Amino acid sequence: MNENHFEIIVAGAGPAGLTAAIYAARGGVRCAVAGGVAPGGQLLETTDIENFPGFPDPVTGPDLMIRMIKQAKRLGAQVLQEQLSGCDLSARPFTLTVGSKKLTCDALVIATGARARWLGLESETRFRNKGVSGCATCDGFFFKGKIIAVVGGGDTAAEDALFLTRFAEKVLLIHRRDQLRAAHRLQEKLLANPKIEIVYDHVPEEFLGGERLEALRVKNVKTGEKKELKLSAVFIAIGHDPETAVFGDALKKDAGGYLVTDARCATSIEGVYAAGDVMDPHYRQAIVAAGTGCMAAMEALNYLQERK
Ligand SMILES: Cc1cc2nc3c(=O)[nH]c(=O)nc-3n(C[C@H](O)[C@H](O)[C@H](O)COP(=O)(O)OP(=O)(O)OC[C@H]3O[C@@H](n4cnc5c(N)ncnc54)[C@H](O)[C@@H]3O)c2cc1C
């Protein structure tokens, strides 16, 4: 047996990649996961998760991911703590550089996720998970009856602001320009919602508080004037970057850089599938990532079966 050949290789060990690995391993094929330096994905960055089914009490992100890694390993998947740093998808089997090794595979599942864009302020990092979040769907529920801000001016920021009015007493939408980029219909909804106040021409300057976030200092970009907004949470909604650099231009991407797939997770190259946040600009949720990971692995297994 060629130790360096796998029927399925999964790139990325977040919820999508690990679910794909679980299904691939249970499908009876030799499967490896290029899991990066710290397998687990974005959920390693968070504390309590309340919306992943099967956990009546909150489960922490790291705990959930350790369980998924254990499950994939127990079923026989090799979870490698190595980065995928290069690939040749032009010939079969596909050749991947994983750590210092050249591995080959018959089918590839890409589950390299996406990274939320942050403002880059030191105080923003300090208050992450203590009032600063990149995910309204994930964390909005924790701020019932509070004053919340959303930073951004596009569709995601507008949707987040509208969503957060379900919980918040008031939502401040902070945008650096004097008009929003969000779709017209969303702007109409924002303006019609009495809980939303749009703070135009302002940028966050410093997140303030003790143990948790208590206020945000913002600066008017036109006048230079500064003010402090008392609030309990700030949601940063300035975009995400899908992690696709290693694939270069080999695969079809949309305008936002997300991998384009059909309804069955197939990419533009036969035998290459994508799952999770790397192909999903809409939901960006662990359960959806896991769901598409399952789909991608099942499709990869079908593909291998048909080639026999
Ligand atoms: C702070 C925070 C809180 C969140 N809370 C929730 C929540 O409560 N509920 C919920 O459902 N969702 C939540 N999410 C969203 C959720 O984490 C994502 O939707 C989910 O993790 C996406 O899974 P994924 O497997 O597609 O990608 P990811 O989790 O991003 O995993 C991809 C992995 O691939 C790795 N990778 C990238 N490139 C390479 C490479 N070249 N080689 C090897 N590995 C590579 C990455 O480093 C990463 O480890 C939260 C996200 C954040 C950031």
Side-chain angles (χ1 to χ4, degrees), residues 9-22 32-55 58-66 68-69 72 79-87 96-99 101 103 108-118 124-125 127-142 160 233-237 239-248 257-259 261 265 273-297:
I9 289 184
V10 179
L18 291 166
T19 306
I22 288 166
V33 183
V37 197
Q42 293 170 61
L43 288 183
L44 295 183
E45 296 170 31
T46 193
T47 48
D48 284 355
I49 299 169
E50 295 198 323
N51 56 9
F52 200 88
F55 295 89
V59 57
T60 69
D63 189 17
L64 179 61
M65 296 321 298
I66 287 166
M68 285 194 203
I69 292 168
V79 182
L80 311 169
Q81 278 202 1
E82 304 279 8
Q83 194 79 359
L84 169 67
S85 59
C87 62
L96 309 180
T97 309
V98 179
K101 286 191 180 154
L103 304 181
L108 172 65
V109 175
I110 299 173
T112 43
R115 246 188 287 181
R117 282 185 210 148
W118 297 96
E124 174 191 49
T125 314
F127 287 107
R128 289 258 290 269
N129 294 324
K130 294 174 184 163
V132 175
S133 169
C135 180
T137 311
C138 312
D139 297 333
F141 188 77
F142 297 125
D160 283 359
V234 176
F235 289 85
I236 312 297
H240 285 77
D241 293 311
E243 296 261 21
T244 58
V246 69
F247 306 106
Y258 289 87
L259 293 181
T261 66
C265 298
Y273 302 86
D277 283 15
V278 74
M279 48 72 86
D280 168 22
H282 302 294
Y283 302 107
R284 293 194 287 261
Q285 289 295 289
I287 188 68
V288 179
T292 50
C294 159
M295 289 162 65

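Owing to the predicted nature of the structure, the values given are computational and were not obtained by experimental measurement. Read the numbers this way: they start at 1 and go in the same order the structure lists the ligands and their atoms.
- Among Met68, Arg115, Gln83, the residue whose heavy atom sits closest to atom 40 (C) of ligand 1 is Gln83.
- Closest protein heavy atom to atom 42 (N) of ligand 1: Leu84 N, 2.9 Å.
- Among protein heavy atoms, the minimum distance from atom 12 (N) of ligand 1 is reached at Ala286 N, 3.4 Å.
- Taking all heavy atoms of Gly293, Ala111, Gly41 into account, the minimum distance to atom 48 (C) of ligand 1 is reached by Gly41.
- Contacts of Ala114 with ligand 1, taken as heavy-atom pairs under 4.0 Å, involve the backbone alone.
- Shortest contact from atom 8 (O) of ligand 1 to any protein heavy atom: Cys138 CB, 3.4 Å.
- Remark: the backbone N or O of Asp63 is paired with a side-chain donor or acceptor of Thr60 at under 3.5 angstrom.
- Under 4.0 angstrom from ligand 1, the non-hydrogen atoms of Asn51 all belong to its side chain.
- Among Thr112, Val132, Thr19, the residue whose heavy atom lies closest to atom 37 (C) of ligand 1 is Thr112.
- Residue contacts with ligand 1, taken as heavy atom pairs separated by less than 4.0 Å, involve Pro15 via backbone and side-chain atoms alike.
- Scanning the protein for heavy atoms near atom 26 (O) of ligand 1, the closest one is Asp277 N, 2.8 Å.
- The protein heavy atom nearest to atom 25 (O) of ligand 1 is Ala16 N, 2.9 Å.
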